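Heads up: the structure comes next, in structure tokens.
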Amino acid sequence: MRGRLYTTLLIIVLCTCGIMLTGCQLKDVERRSFVLAFGIDSAPTDEGKDNQNLIEVTLKLAIPEGDPSKRDQEAVIISQVSNTIPEAIRLLKSKVDKELDFSQCKTLLFGESYAKKSISEISDWMVRRRDIQLVAYNGVARPSAKEVLSLHPKSERVPAYSLILSLGREGTESPFIVGMFSYNFRRHLSEQGLDPILPLVEKDGEEAILINKSVLLDKKRARAELTPDETRLYNLLMTQNLRTSFFAEKDGVIYSYNMESTHAKFKLITSKEGKTIVQYYVGGRAILEDNNQDVETTGSLLREVSKVASEKWEKDINKFLVKVHGTGLDPLGWGLRYMALNWNNATEIEDWEKIYPQLEFRVKADVEIKYSGMIH
Amino acid sequence: MPTKRTEQRVEEWLSEQLSDTMDFEERSLGKSIKIAFMKSLSDSDTVKRFIVVPSYEMDLPAYESYIATFPGCEKSQDKQKVLEFVLKGYIYIRIEANSYLFDAKKTEYSGISANITEAIVQGPNDALTENIETNMNLIRRRYQSKDLKIEPITIGNVSKTTVAVMYDASRVDREVLEEMRKRLSKISVDILQSAGELEKYLSERKYRMFPTTIVTERPDRVVFNLAEGKVALLMDTVDYAIIAPSIFNDFFTAMDDKIQVPLVGWFMKIIRYVGLFITVTLPAFYVAFTSYNPEILKVQITLLIAGSRAAVPYPSFVEVGLMLLMMEFLIEASLRLPKAIGPTATTVGGLILGQAATQAGLVSNIMIIIVSAVAISNFVIPLNMMAFTVRVLKYFFIFFAAIFGLIGIVVSMIGLIMYLSEIRSFGKPYMKIFAIEGKQGKGDQQNG
């Protein structure tokens with residue numbers, strides 16, 4: 001009897017749920033427009049008008065195709081100038097016939113001029129918005145997000161997918177790309193002792209995008225730019241086993257080698273004079289790929305090339321670190337390390353701010369180059 | 001001491017009871033021998049050779065002792081018993097003041113045929129037959145142990161079906177055996193015709209989703225389970241045996257598993273569980289992904305579903321429900337149709353549902369793939385009872401997916417596991433992976 005009572009109760013509860021839900025209409029996938037990429041720019045300056053705070057939101061939408069055998073899918077690009085992002089989106093809704101759905105939006109690009117002004121609004125909107133997944137990729141777009149999003153690379157089958165593939169290193173594994181997830185970006189924006197860094201997505205001609213630089217930001221806006229080589233060094237210092245190739249020059253011969261494995265770590269050391277030194281230890285194993293003058297490879301030559309390569313690394317990385325330090329930013333997390341190791345919550349931030357300008361850098365590199373397939 | 005008079009009274013009573021019956025026959029052999037039997041149930045050749053002919057060749061005392069020495073011949077004065085036995089096919093013989101019941105049953109049944117519902121690749125192919133003695137033979141031959149006990153019970157006020165309770169006395173779980181006897185003795189029905197029916201009467205609940213006893217037509221499965229300490233029921237006139245208690249895992253065990261190389265066998269078992277998961281959840285996932293949570297899938301798939309659904313006028317759960325219903329019809333139709341028209345139904349149904357429906361834009365392409373995947377993975381389950389249960393189960397999932405999306409599926413999955421954990425089969429937990437523990441290992445016995 002009790003069992004029956006429970007069953008009846010369950011049925012009643014379910015029916016009530018069902019009745020209450022009749023008001024909401026199901027919006028199936030075919031009634032949604034999927035936003036695949038989101039771009040934000042400062043609105044183009046318009047003479048005589050006060051549009052300091054106006055922004056332009058650009059959305060790249062996919063038109064679903066039922067026929068998978070078609071080469072590519074059409075994209076719709078819509079944009080709207082407005083005061084705020086939610087307002088812009090509300091206005092954009094009337095430009096499409098379906099419900100805007102941000103759940104597949106995995107790239108958010110900030111136009112260069114916008115990023116130089118302030119990015120706090122977009123980053124705030126991005127994390128608050130329920131349907132934007134925080135594993136989306138962020139990047140700075142040059143010349144503007146709208147222009148980058150309007151590109152249609154030939155290799156692309158799904159709109160904006162090439163951005164996802166390259167920014168997420170799902171497709172290409174370029175050492176010149178700094179991938180940055182939204183949640184990480186947002187975290188770095190508020191974290192003390194670590195500043196965010198974003199990849200720079202450039203328009204390259206009429207149909208291609210180029211991602212090989214990166215942008216350093218402080219807690220609010222873009223501040224400095226890293227060249228491709230510097231971006232690669234950043235990746236070398238921040239990630240394990242970076243796949244890339246370098247070259248070393250010895251006796252006028254250029255030897256290029258490919259990294260098999262890399263490692264990098266740093267320590268904060270206090271010198272005898274009381275200065276704080278950031279001591280980097282980097283290294284890795286590499287395979288000699290070619291030299292441009294047909295020099296016979298021997299063990300002793302390899303050791304010498306390794307030495308030259310290590311010295312080159314030390315010089316380059318030191319230069320890179322000094323440049324980064326010169327911007328006053330901290331994308332590598334030295335401050336975070338300092339605060340983690342110094343347990344005086346009350347004063348550690350002030351201490352670090354005092355220490356930071358006097359930071360010195362030392363780099364110890366150890367590259368081991370080998371040679372494969374030696375047949376004579 | 002019975003007298004001729006009382007015996008005659010029994011005889012008269014008998015013919016009175018069976019009057020107006022075309023197949024009832026009474027004969028006098030000489031002055032003092034009377035026989036009565038049912039023509040339709042008794043073997044006339046036996047009657048002729050062993051009863052009629054010798055009666056003319058022997059004198060009365062010799063004939064009487066001749067009859068009495070037959071195995072299966074009983075002496076009886078109880079008229080109820082006489083009637084009952086005559087209705088079973090025994091010959092009632094009265095010699096002077098003594099009456100005998102002579103076993104001349106004629107049973108018509110199909111011979112031992114190959115398995116139909118539980119086909120396997122390699123291994124014995126005998127199926128149980130409609131004759132309980134043949135079945136006992138099939139099982140005894142595979143299980144040559146003195147401990148194999150067989151207890152008869154008659155069920156059915158009218159049908160008087162013989163049910164045999166089989167178990168290995170040295171291995172059986174006594175509690176289960178007692179429970180089985182108790183439940184069998186409680187059954188009170190007029191007609192008992194199939195194993196499924198008996199299974200229904202044996203279960204403790206009226207409303208339930210999952211079969212708690214295995215109904216099989218494989219003697220080797222019966223033997224395998226007897227060795228595990230389970231109880232088997234054989235029914236006369238039914239070519240299926242019932243095995244109890246059973247656990248969930250039993251329904252996913254094919255008799256092939258024993259034959260396969262261990263790793264291959266495990267792979268097969270995993271395949272079956274994956275099939276179970278797919279057939280239960282796939283349509284529900286489709287509903288959830290198209291209507292509630294498209295963000296879970298990759299961009300390409302989402303766009304593909306959206307594109308293929310572009311022309312579909314109904315919400316996803318209507319589409320799924322419609323298609324699955326069509327599939328159920330197709331399965332039912334091809335099952336019931338005579339062999340000659342069967343293929344037509346599948347071809348026409350497959351063509352119409354698969355091709356025309358998508359081209360007309362009534363259902364999406366993806367939907368067709370899902371429905372086929374669901375149908376195929378459903379047939380992976382080796383035991384039919386479970387396959388039917390699973391067929392029903394997926395609609396619950398679709399229902400909850402249509403209301404709550406992905407959360408609905410997760411919750412129904414949890415609910416299903418809770419429900420399964422609560423089920424008991426003859427007092428034994430249903431979700432237990434190893435049915436019998438503490439007894440001697442499975443491997444030391446039996447060859448199949």
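Sequence lines set the chain letters: A, B, ... in the order given, protein chains first and strands last, and positions in each chain run from 1. Being a predicted model, the structure only gives us computed values, none of them experimental.
With a 4.5 Å cut-off on side-chain heavy atoms, B/Leu303 and A/Phe34 count as touching. At a threshold of 4.5 Å between non-hydrogen side-chain atoms, the residues A/Leu14 and B/Ile403 do not count as touching.
Interface summary for chain A: among B/Ser316, B/Ala311, B/Ala310, the most heavy-atom pairs under 4.5 angstrom belong to B/Ser316.
Heavy-atom contacts from other residues, nucleotides or ligands closer than 6.0 Å to NZ of B/Lys200 number 12 or fewer. The number of heavy-atom neighbours closer than 6.0 Å to CZ of A/Arg243, taken from other residues, nucleotides and ligands shown, is 12 or below. Under a cut-off of 6.0 angstrom, the local environment of CD1 in B/Ile407 is sparse, with at most 12 non-hydrogen atoms contributed by other residues, nucleotides or ligands. More than 12 non-hydrogen atoms from other residues, nucleotides or ligands lie less than 6.0 angstrom from OH of B/Tyr201. Heavy-atom contacts from other residues, nucleotides or ligands closer than 6.0 Å to CZ of B/Phe396 number 12 or fewer. Other residues, nucleotides and ligands place no more than 12 heavy atoms under 6.0 Å from the OH atom of B/Tyr314. At most 12 non-hydrogen atoms from other residues, nucleotides or ligands lie less than 6.0 angstrom from CD of B/Glu175.
Minimum interatomic distance between A/Tyr161 and B/Lys298 (heavy atoms only, all atoms of both residues): OH-NZ, 3.5 Å. When all heavy atoms are compared, the tightest approach of A/Val29 to B/Pro294 is CG1-CB, 3.7 Å.
Only the backbone of B/Phe289 comes within contact range of chain A, judged by heavy atoms closer than 4.5 Å. For B/Val312, the part lying near chain A is the backbone, with the side chain staying farther off; criterion is any non-hydrogen pair under 4.5 Å. Neither the backbone nor the side chain of A/Phe102 comes within less than 4.5 Å of any heavy atom of chain B. Of the atoms belonging to A/Asp101, it is side-chain heavy atoms, and not backbone ones, that fall under 4.5 Å from chain B.
Judged by distance alone, the side chain of A/Gln104 and the main-chain N or O of B/Leu297 form a donor-acceptor pair under 3.5 Å.
Interatomic distance, B/Ser291 OG to A/Arg31 CZ, rounded to the nearest 0.5 Å: 9.0 Å.
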